[in-house]
Amino acid sequence: MISSRLKEILSQIKEAEISYHREPGSVLLLAVSKTKPSADIALAYQAGQRHFGENYCQEALIKQRELGAFAITWHFIGPIQSNKTKAIACHFDWVHSVDSLAIAQRLSKQRPANLTPLNVCLQINMSNELSKSGISLDEFPELCEQVAALPNIKLRGVMTIPAPEDDFEKQRQPYKKLCEAINQLDRFKLDTLSFGMSGDLVAAIAEGSTIVRVGSALFGARN
Ligand SMILES: *Cc1c(COP(=O)(O)O)cnc(C)c1O
């Protein structure tokens, strides 16, 4: 089941790249495995998937231990409490959900010296009232400036979780608006747009997504 869903999602991504004139292979699939057992991650891995996203630190560390033999690139995508920054800095390659300077400073300070700089995206709240996570567009340029200056962090781009919409054009709007803001910030050489989940990945790819974060479409509904 997981391997056939993985194939379907990858072909959906490939089709969207063609339809929206994106370079082939320019969109990475991040498999969001929160709440799902290590056995499910292993099945996706055996089918070729290498990038996995987790939201809860404790849960992720247990799975990382169980899957220690696998060459997985781990992405942290959930809300970050300051007492979890050390574990995140030590055990992840990417963090998509940085939304304050204090958290970024802790991650930079706690990133072990023997590892490459932590890849970071800033989480932007495109006025999704359902979510308190993420900074506003007004705060974005200043936080970019501050985070880009930290030594053990590589600022890669942005992540956003828009309010769910069924309509394709409405799904595209927040991504389009965020891209316009990013175009004003060339100097940071951001190369990552972490846009799109199971329900809106085609709209996200149409607007330039480089990482789609897919959970339920791959692993099935969560409880
Ligand atoms: C859970 C989650 C996802 C995956 O959502 P699906 O709708 O199941 O694809 C993506 N991004 C973040 C930040 C999440 O928390």
Side-chain angles (χ1 to χ4, degrees), residues 1-13 16 27-38 40-41 43-44 47 49-61 63 72-81 84-85 88 91-100 103-104 107 118-135 156-168 170-172 174-175 178 192-223:
M1 274 299 267
I2 288 176
S3 74
S4 66
R5 288 202 202 110
L6 178 63
K7 272 203 201 98
E8 268 168 46
I9 295 161
L10 290 172
S11 71
Q12 200 183 2
I13 290 171
V27 181
L28 178 81
L29 173 61
L30 177 61
V32 175
S33 42
K34 63 169 177 249
T35 80
K36 300 296 177 180
S38 293
D40 287 3
I41 297 176
L43 287 172
Q49 179 64 24
R50 290 294 178 271
H51 290 258
F52 291 86
E54 289 282 341
N55 292 57
Y56 311 106
C57 194
Q58 289 313 113
E59 179 191 334
L61 295 185
K63 294 180 197 174
I72 290 176
T73 300
W74 293 99
H75 298 239
F76 192 83
I77 64 172
I80 306 171
Q81 294 160 284
K84 296 292 174 5
T85 52
I88 293 169
H91 296 285
F92 286 83
D93 304 291
W94 282 76
V95 181
H96 293 228
S97 43
V98 170
D99 65 357
S100 78
I103 291 290
L107 290 170
L118 186 63
N119 294 294
V120 160
C121 293
L122 301 181
Q123 184 172 350
I124 316 292
N125 188 337
M126 298 302 291
S127 79
N128 178 355
E129 273 129 42
L130 301 174
S131 164
K132 290 195 175 60
S133 301
I135 54 163
R156 298 296 297 267
V158 294
M159 188 271 269
T160 192
I161 310 172
E165 291 283 357
D166 290 327
D167 179 73
F168 184 75
K170 281 188 186 153
Q171 289 177 349
R172 292 180 66 161
Y175 298 128
L178 180 47
T192 301
L193 303 174
S194 175
F195 287 179
M197 321 206 305
S198 295
D200 69 348
L201 69 100
V202 175
I205 292 169
E207 293 301 335
S209 173
T210 65
I211 302 182
V212 289
R213 309 177 312 273
V214 177
S216 49
L218 176 59
F219 293 113
R222 290 177 296 273
N223 295 328

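Counting convention: from 1, in listed order, for ligands and their atoms alike.
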Side chain to side chain contact (heavy atoms under 4.5 Å, CB included) between Val214 and Leu30, intermediate numbers included: CA-CA 6 Å; Val214 177; Leu30 177 61; over 6 Å; no
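Contact annotation: the side chain of Ile161 approaches that of Arg213 to within less than 4.5 Å [non-hydrogen atoms, C-beta and beyond]. Counting heavy atoms from C-beta on, the side chains of Val32 and Ile77 come closer than 4.5 Å. Ile211 is not listed as a side-chain neighbour of Val27, based on a closest heavy-atom distance of 4.5 Å or more.
Within a 6.0 Å radius of CG in Asp166, no more than 12 heavy atoms belonging to other residues, nucleotides or ligands are found.
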Pairs under 3.5 Å, N/O atoms on ligand 1 and on the protein: can you put them in a table with the distances?
unit_1, atom_1, unit_2, atom_2, d
ligand 1, 8 (O), Ser216, N, 2.8
ligand 1, 8 (O), Ser216, OG, 2.9
ligand 1, 8 (O), Arg222, NH1, 2.8
ligand 1, 8 (O), Arg222, NH2, 3.1
ligand 1, 9 (O), Ser198, N, 3.0
ligand 1, 9 (O), Ser198, OG, 2.5
ligand 1, 9 (O), Gly215, N, 2.8
ligand 1, 11 (N), Arg213, NE, 2.8
ligand 1, 15 (O), Lys34, NZ, 2.7
ligand 1, 15 (O), Asn55, ND2, 2.7

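Here Glu54 does not pair with Lys34 in a salt bridge; the nearest charged N to carboxylate O distance is not below 4.0 Å.
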